[in-house]
Structures are given as structure tokens and as C-alpha cells.
Amino acid sequence: MAPRIILLFSGKRKSGKDYLTDQLQKLLGDRCEIIKISQPIKSHWAKEKNLNLNEMLSDSEYKEQYRLDMITWSDEMRDQDYGCFCREACQNAADRPIWIVSDIRRKTDIQWFTDTYPDLIRTIRITADEETRKKRGYSFKEGVDNVVSECDLDDYTLWDLVVENGKGRQQLEEQLGSILGLLSHL
Ligand SMILES: Nc1ncnc2c1ncn2[C@@H]1O[C@H](COP(=O)(O)OP(=O)(O)OP(=O)(O)O)[C@@H](O)[C@H]1O
Ligand SMILES: C[C@@](O)(CCOP(=O)(O)O)CC(=O)O
């Protein structure tokens, strides 16, 4: 079964992309599949450097030591083929009607999904104020927080939905309800 809808989630570090997409998955159960574009990047890096892949995929501090190197390496790969990680992540995804891509970071990510799955794409931006993100473990890092990886979608305005997940956030049920609204035609 090919996906019937693909939700693309974007947001700055510690805005809550993994948190909200995990909660959404709990609600949707086996109707949905979470896809991470960073999965093939982290897998490659974990193999190369003999690292703990599960820790790399979690929200722990562990992955932060390697973020800068992973950005540099993955951008070199994208320069040759901007869709390489999107494609690999989707190839490994289960056949489920709803795909949730939890880490859209670049305009080229949106372009690849829109070109590959026309009409199925909905884009969601998660926002959170800096103070809240800092409480969740964010601290500014040169070469990480001021480069394309974090900033390319700052000036993107065509979101289907923006979900506030900082100080002004609604209850979780309301946040999830607004996202479910994008699936109402299914
Ligand atoms: N609405 C929320 N309520 C409670 N805790 C939250 C909420 N949103 C996020 N968090 C917590 O904040 C931390 C960071 O969130 P999360 O890992 O989802 O961010 P992220 O955007 O995926 O970050 P990164 O880009 O660094 O992977 C996690 O420990 C998560 O549980
Ligand atoms: C290297 C990178 O994929 C790390 C993403 O880690 P995370 O989604 O923040 O867990 C970021 C990027 O692709 O620019």
C-alpha cells in the first residue's frame, strides 16, 4: 500500500519535532509510519565511527557531539544528489497509509517529497521560543545553528499548519487535533 498522505514536520532544534510526532504516532498506531531523513545519515555515521545508533536516534546529548560532522558530510552528499537521504529513508519505510517525516530541514527536502509524491504532501512547522528550547537542552552552536541545516526553512512561508510548542502552546490534545485536521479527508 503506497502512502495516502505524507506529513512533513520541520522545526528548530528542541522545538519538539520528535516529541509531537511520537505522540501523533501513539494516536494513529499502525496506520502510520515515522520516517527520519537523518536515519541513513546517523546509520552511516554510527557504522563509520562505531557509535551507538540508538543513542544517536534518541533525544539525548550524545548525538550533539557528532552533529557538526554529520552536517558537513551529509551536505557534501546532498551537493551531488539532494534527494539521496530522503530516498533512502523512504525506501526503508513500511507500507502504511500515513507517513510522518519528522525532520524536514531544507527546501530541497520539501521539493524532493513534492516531486516524488505529488498531491500527498502536507507541511507542518513546529515553533517554540528560545527560552523553552534552552530549557529542553538547546544551546547555540556556531556552524550548527547558523547554517542551512537549521536555517534554510526560516523564510519558508507555505506551511499548511504551524503548531506552537513553546510557552504559548495549547494542550497536547489540541495540538494533535490541529494536525489530525490535515487527515480529515482520509
Ligand atoms: N510539549 C512538550 N511537553 C513536554 N516536553 C516536551 C514538549 N515538547 C518537547 N518536549 C521535550 O523537549 C525535549 C526536546 O524535544 P524533541 O527531542 O522532540 O525536539 P526536536 O525538535 O526533535 O530536537 P532535535 O532537533 O534536537 O532532535 C525532549 O526531551 C521532549 O520530550
Ligand atoms: C545531521 C543531521 O541529520 C542531524 C539531525 O539530527 P536530529 O534530527 O536533530 O536528531 C542534521 C542535518 O541533516 O542537517
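No experiment lies behind these values; they were computed from the predicted model shown. Just follow the structure's listing: the first ligand is 1, and inside any ligand the first atom is 1.
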Nearest to atom 16 (P) of ligand 1, what protein heavy atom do you find, and at what distance? Gly16 CA, 3.8 Å
Can you tell me which residue and heavy atom of the protein come closest to atom 13 (O) of ligand 2, and the distance to 0.1 Å? Arg78 NH2, 3.1 Å
Are more than 12 heavy atoms from other residues, nucleotides or ligands located less than 6.0 Å from atom CG of Asp154? yes
For Arg13, the ligand 1 atoms with a heavy-atom partner under 4.0 Å come out as 25 (O)
Report the part of Arg169 in contact with ligand 1, treating N, CA, C, O as backbone and CB onward as side chain, heavy atoms under 4.0 Å; options are side chain, backbone, both, neither. side chain
If you measure from CG on Leu8 to CD1 on Ile35, what distance do you get to the nearest 0.5 Å? 9.5 Å
Looking only at protein heavy atoms, which one is nearest to atom 2 (C) of ligand 1, and what is the separation? Tyr19 CE2, 3.2 Å
Show the atoms of ligand 1 that are less than 4.0 angstrom away from any heavy atom in Lys12. 21 (O)
Within the 3.5 Å criterion, strictly below it, is a donor on Asn92 or Glu88 matched to an acceptor on the partner's side chain? no
Is a salt bridge present between Arg67 and Asp145, judged by a nitrogen-to-oxygen distance below 4.0 Å? no
Within the side chain of Thr116, is there an N or O that forms a donor-acceptor pair under 3.5 Å with the backbone of Phe113? no
Can you pull out the closest protein heavy atom to atom 4 (C) of ligand 2? Residue, atom name and distance to 0.1 Å, please. Arg67 NH1, 3.9 Å
Nearest non-hydrogen protein atom to atom 8 (O) of ligand 2, with distance, is Arg105 NH2, 3.3 Å
Got a sec: does the CD of Glu174 have more than 12 other heavy atoms crowding it under 6.0 Å? yes
Here the pair of heavy atoms bringing Arg87 nearest to Asp81 is NH1-OD2, 2.9 Å
For atom 22 (O) of ligand 1, find the nearest protein heavy atom and state the residue, atom name and distance (0.1 Å precision). Asp18 N, 3.1 Å
Indicate whether the side chain of Ser102 and that of Lys17 have a donor and an acceptor atom separated by less than 3.5 Å. no
So, Glu55 and Lys63, do they make that salt bridge, N to O below 4.0 Å? no
Neighbour count above 12 (heavy atom, 6.0 Å) for Lys134 NZ: no
With a cut-off of 6.0 Å (strictly less than), are more than 12 heavy atoms of other residues, nucleotides or ligands near CD of Gln65? yes
Considering both backbone and side-chain atoms of Lys63, is one of its nitrogen or oxygen atoms within less than 3.5 Å of a nitrogen or oxygen in ligand 2? yes
What is the nearest protein non-hydrogen atom to atom 14 (C) of ligand 1, stated with its residue, atom name and distance? Lys14 CD, 3.8 Å
Does any N or O atom in Arg106 lie less than 3.5 angstrom from one in ligand 2, N or O only? yes
Contact between ligand 1 and Gln170 is defined here as a heavy atom of the residue under 4.0 Å from a ligand atom; is it met? no
Below a 4.0 angstrom heavy-atom separation, can you tell me which part of Gln23, side chain or backbone, both or neither, approaches ligand 1? neither
Write out the residue and atom name of the closest protein heavy atom to atom 20 (P) of ligand 1, then the distance separating them to 0.1 Å. Lys17 N, 3.5 Å
Nearest 0.5 Å, what's the CD1-CD distance between Ile98 and Gln25? 11.0 Å
For ligand 1, is there an atom lying under 4.0 Å from some heavy atom of Gly11? no
Taking atom 3 (O) of ligand 2 as the reference point, the nearest protein heavy atom with its distance: Ser38 CB, 3.4 Å
Under 4.0 Å from a heavy atom of Ile41: give me the atoms of ligand 2 that qualify, with their elements. 3 (O), 13 (O)
List the closest protein heavy-atom neighbour of atom 1 (C) of ligand 2: residue, atom name, distance to the nearest 0.1 Å. Met70 CB, 3.5 Å
Under-4.0 Å salt bridge between Lys107 and Asp152: yes
Does Arg78 form a side chain to side chain donor-acceptor pair (under 3.5 Å) with Ser74? I'd like the steps, not just the answer. CA-CA 6 Å; Arg78 287 183 185 95; Ser74 65; 2.8 Å; yes
Give the single entry among Asp59, Leu172, Asn165 that approaches atom 1 (N) of ligand 1 most closely by any heavy atom. Asn165
Is the closest heavy atom of Arg133 to ligand 1 under 4.0 Å? no
Out of Arg136, Lys63, Glu64, indicate the one that has the non-hydrogen atom closest to atom 11 (C) of ligand 1. Arg136
Output the list of atoms in ligand 1 that are nearer than 4.0 Å to some heavy atom of Arg67, sorted by atom number. 26 (O)
For ligand 1, is Arg105 a contact, meaning one of its heavy atoms is under 4.0 Å away? yes
Do me a favour and list the nearest non-hydrogen protein atom to atom 14 (O) of ligand 2 with residue, atom name and distance? Ser149 OG, 2.6 Å
Check: Trp45 ring centroid to Phe85 ring centroid under 6.0 Å: no
Nearest protein heavy atom to atom 10 (O) of ligand 2, by residue and atom, and its distance? Lys42 NZ, 2.6 Å
